[in-house]
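Atoms within a ligand are numbered from 1 in the order they appear, just like the ligands themselves.
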Amino acid sequence: MSLRAGKVFLFIVMCSLAIAAIYVSTLTAERHDALRRISRYNITWLASQAGVEFVRLEERLAVAGIQGSQVDADEVQLRLDIIANRLNLIDHGEFKDFASRDPEIVATIGILANAIKDVQPLVDTLDRPGSILQALNILGPLDGRLAYLASAAHTYSSNRVAEDQAELLRLHWTFSFMVAGLLLCGFFLVGLLGWHNQLLERARSKLHRLAQDLQRASADLEQAHDEVQSVNSELHSRNEILRRRDRELGTQNKRFDAALNNMSQALCMVDASEQLVVYNQRFAELFALDFAPMPGMLFPDLIKLSASAQLKDIYARQGALREDKSCISFVRDFGDARTISVSHQPMPDGGWVATYEDITQRRQAEAQITYLAHHDGLTGLVNRRYFHEQLKPALARAERQGSRLAVLCLDLDGFKDVNDSLGHPIGDALLREVGARIKESAREADVVARLGGDEFAILQSDVDGPEHSGAMAGRLIECLSRPYDLDGSEVVISASVGIAMGPFDGCTADDLMKNADLALYRAKAEGRRAYRFFEADMDLERKARRALEVDLRKALTQAQFQLYFQPIVDIRNGQVSGFEALLRWHHPVRGMVPPAEFIPIAEDIGLISAIGEWVLREACAHAVTWPGQISVAVNLSPAQFKTNNLVEAVQRALKTTGLSPARLELEITENVLLSESDATLLTLHELRALGIRIAMDDFGTGYSSLSYLRSFPFDKIKIDQSFVRELSSRPDCIKIVGSIAALGSSLGMTTTAEGVETAEQFEQLRFVGCDQVQGYLFDRPQPAHKLRFSFAEKLAAEAA
Ligand code: C2E
Ligand code: MG
Ligand code: MG
């Protein structure tokens with residue numbers, strides 16, 4: 001039976017129980033009613049009591065009639081009242097119902113009521129004779145009636161009791177059955193409840209299992225949901241990645257297209273079946289395609305349609321290489337001065353990709369770079385490096401073949417002056433012209449190079465002998481010494497040549513070059529405009545100079561320098577106005593080395609600044625000990641102006657020695673002003689601003705001495721000794737010196753004549769108006785402790 005059927009059944013039972021309970025309740029009420037009826041006022045008793053009381057009334061009446069009796073009228077009255085009371089009871093309630101069933105009884109009750117009414121007056125007058133008897137007579141007929149009443153009441157009550165008892169018995173049984181039924185129902189109900197409970201228990205456990213299953217299913221569902229969600233989010237992120245990749249791919253495609261079409265190289269890709277896969281704009285441009293090939297087009301068809309012979313040529317070459325599976329690059333030079341570089345790369349699937357680049361310009365640029373790397377930009381001749389590169393194999397060949405070669409190193413005499421005086425553009429034009437003349441003089445096979453500056457070199461291969469090279473050198477000197485017409489200016493220079501013969505004068509290119517250079521140095525030293533062959537002693541000279549350099553580096557630290565001082569004498573009175581400091585080097589082996597020999601070396605090896613600083617300090621230190629305002633003149637090298645610390649060095653010297661700047665004079669040569677850089681002039685102005693005087697030394701030896709006077713307001717001009725030396729022999733010299741003296745005085749500059757050795761020179765100088773003189777006539781340069789401060793007596797003696 002299902003739970004639902006059980007529930008319906010249980011409901012019916014419950015309803016039945018409710019009905020039974022209601023019924024039992026009704027039965028109980030009925031039973032209660034029956035009992036109430038049994039126990040209620042007893043009709044029998046009332047009827048018999050009425051009879052008994054009636055008899056007592058008659059008896060009392062009778063006794064009251066007896067003389068002397070104790071019964072009085074009150075007692076009789078009491079009995080009468082009791083009877084009246086009983087009558088009241090009989091005439092009401094259930095007795096009345098009972099009486100109404102029998103007319104006889106109804107009549108009896110009526111008679112009794114009348115009798116009582118009739119008797120009452122008699123009782124009130126009981127004392128009156130006859131009342132009692134009369135009352136007894138009235139009452140007498142009622143005796144039988146009342147007995148009947150009692151009997152009828154008794155019968156009636158007995159019947160009713162029997163009926164009630166039967167009813168009670170029926171109720172009892174009904175009740176008992178009902179209770180039994182209820183008990184049965186109860187038991188059944190308990191059983192039913194037990195069964196229901198069982199059902200419920202089973203249903204509960206089933207439900208529990210179901211709930212568990214449901215829970216598990218729910219957990220599974222949740223897990224599945226989570227999994228679905230993670231799969232979803234995974235899908236989402238993958239989608240996102242795909243979208244991004246799509247976008248990137250799109251961008252990449254655009255970039256690829258842009259890159260493809262913007263690359264400088266032409267590109268073309270062909271698949272295994274010779275179908276065009278991709279090509280770029282540059283490809284179409286490079287081969288001037290007048291149609292737009294579509295991907296998928298057969299490449300041989302494209303070649304046929306193309307009007308480009310170059311493309312056909314390249315494709316044919318690619319075809320020849322097609323069997324080769326490796327990447328191949330080749331360059332095709334076409335007659336129309338176009339060069340195309342091709343990189344052919346076979347693909348694994350059988351196709352190929354090729355890039356084509358028009359390298360014409362690059363080739364030209366490379367050629368230009370190579371040319372520039374090997375040639376001198378100014379003259380177009382090969383440069384030192386290329387010359388060197390050519391010399392090496394030529395020397396090896398000469399050694400191999402037992403032939404000779406010659407290296408001619410050539411240096412222009414006077415080029416520097418041209419450059420300085422006429423300017424760099426003219427100097428450059430001169431160099432170009434020189435290069436052209438050398439090239440003309442040389443054979444086709446000779447290598448002509450400009451090594452730098454005004455140095456040139458010629459490599460002669462397969463020379464017959466030194467005389468051949470000598471003749472060549474002579475021709476060159478003669479040719480280069482011819483006047484040049486440069487932009488309207490006529491320039492005359494010459495050249496010196498040094499020759500080294502290979503392989504005898506040097507087995508290596510370096511040696512040959514060095515030896516040719518030494519020969520050139522000798523040619524220059526010996527008067528220029530000449531050529532010299534290398535000789536072994538030249539190398540010794542070079543070595544000697546190296547040794548001097550080494551010694552010079554040690555000289556300063558080993559205190560080998562000393563300052564000598566030469567007086568500068570006032571031409572009017574013979575008083576010493578100052579001393580020129582002249583550097584001396586006491587070489588431990590060579591003895592006294594003159595400044596003209598070591599100062600250029602010190603300049604070359606970068607020692608001049610340190611030496612110059614020492615000279616400044618030493619000169620100032622001595623000058624400060626001299627009497628009066630006697631000054632000291634210090635020579636400065638052009639190299640010192642390039643150090644940028646000259647002003648500080650001078651200030652330091654003045655400060656450490658305490659010499660007044662007014663007593664210091666700095667001598668510079670025209671070389672300092674050659675470059676005439678702003679920095680040099682600034683330095684000079686700074687020095688002058690300190691109160692130091694600046695003198696121009698060796699005036700007149702340069703090309704533009706006068707123009708230099710314009711560039712800086714010198715305090716003094718020192719006329720070079722070459723003019724003084726020839727004063728007596730050359731009349732023009734006296735005029736020149738006189739002009740310089742006049743110029744100096746008009747510009748407010750002191751003029752000092754150098755190298756005055758004779759009294760005659762002295763007189764001439766005084767005559768032309770020089771202010772000061774310096775020379776052996778008065779004193780040679782002397783160590784500081786031997787100085788004389790006046791030559792007035794000497795002058796007086798000379799005059800006398
Ligand atoms: P300079 O400045 O023109 O010096 C004058 C040179 O002429 C000195 O030669 C001096 O000894 C020489 N001399 C003076 N009077 C006569 C004379 O009557 N007859 C002859 N024949 N010569 C005379 P020195 O001392 O050999 O100096 C040569 C050059 O070396 C100097 O020429 C100067 O340019 C340079 N010099 C000397 N000392 C220094 C120095 O400390 N620093 C630098 N940078 N150069 C210096
Ligand atoms: Mg000097
Ligand atoms: Mg001088």
State the atoms of ligand 1, each with its element, that fall below the 4.0 Å cut-off from a heavy-atom position in Asp697. 1 (P), 2 (O), 3 (O)
Less than 3.5 Å apart, any donor N or O on the side chain of Ser722 or Asp720 sitting next to an acceptor on the other? yes
Ion pair check, Arg652 and Glu648, cut-off under 4.0 Å: no
Test ring pair (Phe, Tyr, Trp, His ring centres under 6.0 Å) applied to Phe778 and Phe789, Phe791, Phe565, the passing residue: Phe791
Does a salt bridge link Arg545 with Glu549, judged by any charged N lying under 4.0 Å from a carboxylate O? yes
Among the N, O or S atoms of Glu580, which one sits nearest to the Mg ion (ligand 2)? OE2
Among Ala602, Ala619, Ser637, closest by any non-hydrogen atom to atom 44 (N) of ligand 1: Ser637
Under 3.5 Å, is there a donor-acceptor pair between the Ser496 and Asp413 side chains? yes
Give the residue and atom name of whichever protein heavy atom lies nearest to atom 4 (O) of ligand 1, and the separation in Å to one decimal. Leu582 CD2, 3.5 Å
Heavy-atom distance from atom 9 (O) of ligand 1 to the protein below 4.0 Å? no
Test side-chain contact (heavy atoms from CB on, under 4.5 Å), reference Leu430, set Leu422, Leu486, Asp454, output is Leu486
With a 4.0 Å heavy-atom cut-off (strictly under), which part of Arg584 contacts ligand 1: side chain, backbone, both or neither? side chain
Would you mind telling me if ligand 1 is within reach of the side chain of Asp698, the backbone, both or neither, using heavy atoms under 4.0 Å? side chain
When you measure from the heavy atoms of Gly755 to every atom of ligand 1, does any distance fall below 4.0 Å? yes
Under 4.0 Å and counting heavy atoms only, is there anything from the protein next to atom 32 (O) of ligand 1? no
Heavy-atom contact under 4.0 Å between Glu580 and ligand 1? yes
Closest to atom 41 (O) of ligand 1 among Thr669, Leu583, Asp779 (heavy-atom distance): Leu583
Return yes when atom CZ of Arg590 has more than 12 non-hydrogen atoms of other residues, nucleotides or ligands closer than 6.0 Å, and no otherwise. yes
Are more than 12 heavy atoms from other residues, nucleotides or ligands located less than 6.0 Å from atom NZ of Lys416? no
Quick one: does Gln640 get an N or O within less than 3.5 Å of an N or O on ligand 1? no
With a 4.5 Å heavy-atom cut-off, do Asp510 and His388 have their side chains touching? yes
Only heavy atoms of Val615, strictly under 4.0 Å: list the atoms of ligand 1 that pass. 41 (O)
For Arg546, is the CZ atom crowded, meaning more than 12 foreign heavy atoms sit under 6.0 Å from it? no
So which heavy atom in the protein is nearest atom 15 (N) of ligand 1, and how far is it from that ligand atom? Gln566 NE2, 2.9 Å
Geometry only, no angles: is Tyr776 polar-contacting ligand 1 at N/O separations under 3.5 Å? yes
Heavy-atom pairs closer than 4.0 Å: do any link ligand 1 to the side chain of Val756, the backbone, both, or neither? backbone
Is it true that, when you exclude Asn645 itself, more than 12 heavy atoms of the residues, nucleotides or ligands shown sit nearer than 6.0 Å to its CG? yes
Which of these, Ile599, Leu636, Thr758, has its nearest heavy atom closest to atom 43 (C) of ligand 1? Ile599
For atom 34 (O) of ligand 1, the protein heavy atom that lies nearest, with its residue and separation: Asn635 OD1, 4.3 Å
Nearest heavy atom to atom 6 (C) of ligand 1: which of Gln721, Arg780, Glu754 does it belong to? Gln721
Just to confirm my output: which protein heavy-atom neighbour is closest to atom 28 (C) of ligand 1, and how far is it? Pro595 CG, 3.8 Å
Could you check which N/O/S atom of Glu667 is closest to the Mg ion (ligand 2)? OE1
Nearest 10° is fine: what angle sits at the Mg ion (ligand 3) between OE1 from Glu754 and OD1 from Asp697? 80°
Do you see a donor-acceptor pair shorter than 3.5 Å between the side chains of Thr701 and Asp698? no
Modelled atom types, side-chain donor and acceptor of Glu603 and Ser637, under 3.5 Å: yes
What protein heavy atom sits nearest atom 11 (O) of ligand 1, and how far away is it? Pro781 CG, 3.4 Å
Using a 4.5 Å cut-off on heavy atoms from C-beta on, say whether the side chain of Asp511 contacts that of Lys514. yes
Under 4.0 Å between a Lys/Arg side-chain N and an Asp/Glu carboxylate O for Asp537 and Arg522? yes
May I ask you to check whether Thr669 brings an N, O or S atom to under 2.8 Å from the Mg ion (ligand 2)? no
Below 4.0 angstrom from a heavy atom of Glu757, which ligand 1 atoms are there? Numbered from 1 as shown, please. 17 (C), 18 (O), 19 (N), 20 (C), 21 (N)
Under 2.8 Å: N/O/S of Asp698 next to the Mg ion (ligand 2): no
